[in-house]
There are 2 protein chains.
Amino acid sequence: MAKDIGWELYRSFLGVLREGSLSAAARALGVTQPTVGRHIAALEKSFGLTLFVRSQGGLQPTQAAGSLRVHAEEMAKTAAALQRAAANQGTGVRGVVRVTASEVVGVEVLPAILTRLRNDFPELKLELVLSNRPQDLLHREADIAVRMFRPHQAQLVARRIGEIEVGLHAREDYLGRHGCPDHPQELAANALIGFDQQTDFIRRAARNLPAGFDRERFVLSADSDLAQLAMIRAGAGIGACQVPLASRDRRLVRVLPEHFCLPMETWVTMHEDLRNSAPCRAAFDALATGLQQYLAQD
Amino acid sequence: MAKDIGWELYRSFLGVLREGSLSAAARALGVTQPTVGRHIAALEKSFGLTLFVRSQGGLQPTQAAGSLRVHAEEMAKTAAALQRAAANQGTGVRGVVRVTASEVVGVEVLPAILTRLRNDFPELKLELVLSNRPQDLLHREADIAVRMFRPHQAQLVARRIGEIEVGLHAREDYLGRHGCPDHPQELAANALIGFDQQTDFIRRAARNLPAGFDRERFVLSADSDLAQLAMIRAGAGIGACQVPLASRDRRLVRVLPEHFCLPMETWVTMHEDLRNSAPCRAAFDALATGLQQYLAQD
DNA sequence: GATCAGCCATACATTTATGTATGGCTAAAG
DNA sequence: CTTTAGCCATACATAAATGTATGGCTGATC
């Protein structure tokens, strides 16, 4: 096998893939355009294949380059994880902790918790990754995850927070105009706010949904849970949201609580290696207690 | 955040972790000792923490360095995967394909298949990883896996080969001396060859094991399936092995076929991105057809 | 069609990283 | 006790990578 290739080259390679041109990649990486150009040339020579088709508007990746991209991304993620891990290694609660959560929790619940945490530890930095797709804690895409299911991977420290209940809600003035439904059948006559594409959670919860609440009846649809929440708050109709969230807003009224009630098991998880990391530990504890308070306010 | 750290530094870091000294790491990496020393110094400066305690006998990693190691290893694995992927990208069946399989299959079955493959494609190189632990195909720890269970991850091309049967066997001269058991109860009077620690496969198959074949009765134990096979072949007693394997050896006789019969579903799997890679494709096909022949010789 | 902005490629200067050579140190072997 | 082999650290020389400056090219805009 030919000599191993310098890892720095992969960095430039990924930069060009992401930015689309040597010049842009150079700017992003903090080097100059000829340097990136030489790196790509060196890679192509090593591999013996064409990675990019040069053009005046930039470089277009070949199919080969595309298939290598995932690996380069993985390198970048790992490098970032290593750097974060190193920053969290010293004594004292300082460094960067990356927290992942669902969009709703991240926007509605975490800010207050993380603000308190930051007040307690001003040297702590936080990165928030909002996604309904579970991040890979084992490979440190995130340090701590707030998830709605029991983690099934080993090597994780997991704390069960409790169950967040999801129920149907609407603003009282909407219900005043349309009447508050007493039976699921009456839902059909209402402006239902729902999902567009089925998410994992919905699929799992589908069997617990009442008959009147399904995709065909939705008048307002959005894949974004945040958008659905905003529509409920705006009085657009009846939709599903977390009960403790709705109870913060006096104008929101729960609809058909006995027919529509989805409890979501809530967990805070972290890689076990991070137990000895002061900043991760602090963030973990703050999230656990903060979320418990969130549940208790129900 | 401080400036990003050159990925090359991580390489030196991992080298020192693996080799235990600057000098040894330098040799392994093909650079000189001062270079590695500077890299480590640069890393320690960037991180603001001590990674190694210098001593005359070498460098001893601190706890911090140890906790960063997994990430560095991950970088190395990914870099290797990228390089392999690149090598397999060109036209023609050349490059390195990494195949993983169980120890028994790897030692007893694959050599013939891979030899034929290499004869057909002299420019193809093969790496064999023998392990009962499933390798991570998604992250390209291996390109192709021969596994005894249906793959549950998406993004994988999987071909079902059939079922390899596992049965009890012994050499005929052993049976001549001790008599061939007709009922499971008679097993207790025999020299049983079995596992020491329970493997995943055993655990899953446990409910299908006959009453007379369990851990307490084993006279000869080994975790290595290869060692068990060798003992069976040496005429040491009765043990379990793959039926097509035993039928190659005329001296081996199957024992209690109706009571002890564990079919193992056999699959060849590969990441779907590799379908367009000529060398991986060739290896995949060769493995699939070769294993099918192996099953058919039963 | 002329101007401008953005891009890549090349030639040259400079900085940076690396290699070479050496000395000091320790632990084990003679 | 001496020798040897292995290691790290430093000073200096060298090679390699990077930056600077420039020219040519294309496509959009006026």
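Just so it is clear: chains get the letters A, B, ... in the order the sequence lines come, proteins before strands, and each one is counted from 1. Predicted model, so just to flag it, every value in this text is computed and none were measured.
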Let me know the distance between [atom1] of [X] and [atom2] of [N], rounded to the nearest Å.
X	N	atom1	atom2	answer
B:I5	C:dA17	CD1	P	14 Å
B:K45	C:dA17	NZ	P	11 Å
B:L22	C:dT18	CG	P	14 Å
A:Q33	C:dA11	CD	C1'	13 Å
B:F52	D:dA9	CZ	P	12 Å
A:E19	C:dC7	CD	P	10 Å
B:I40	D:dT10	CD1	C1'	18 Å

Review point. With B:S67, which residues qualify under side chain to side chain donor-acceptor pair (under 3.5 Å), at least two apart?
Key: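 Applying side chain to side chain donor-acceptor pair (under 3.5 Å) to B:S67 gives A:Q89.
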Check your understanding: Residues in side chain to side chain donor-acceptor pair (under 3.5 Å) with B:E141, at least two apart?
Key ->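 Result, side chain to side chain donor-acceptor pair (under 3.5 Å) vs B:E141: none returned.
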Could you list all N or O pairs between the protein and nucleotides 15-18 of chain D that sit under 3.5 Å apart?
| unit_1 | atom_1 | unit_2 | atom_2 | d |
| --- | --- | --- | --- | --- |
| D:dT18 | OP1 | A:H39 | NE2 | 3.3 |
| D:dT18 | OP2 | A:H39 | NE2 | 2.7 |

Review point. Would you call A:E73-A:K77 a salt bridge at under 4.0 Å N-O?
Key: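 No salt bridge links A:E73 with A:K77.
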Below 4.0 Å: OP1/OP2 of [N] and any side-chain N or O of [X]:
X	N	value
B:R54	D:dA9	yes
A:R27	C:dC7	yes
A:S23	C:dC8	yes

Point to revise | Main-chain N/O of B:A72 paired to B:R11 side chain as donor or acceptor, under 3.5 Å | key: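 Absent.
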Check your understanding: Would A:H139 and B:H139 count as a close aromatic pair, with their ring centres under 6.0 Å?
Key ->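 Yes: the rings meet the under 6.0 Å criterion.
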Check your understanding: To the nearest 0.5 Å, how far apart are CG in B:L14 and CG in A:L82?
Key ->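 Reported value, rounded in 0.5 Å steps: 10.0 Å.
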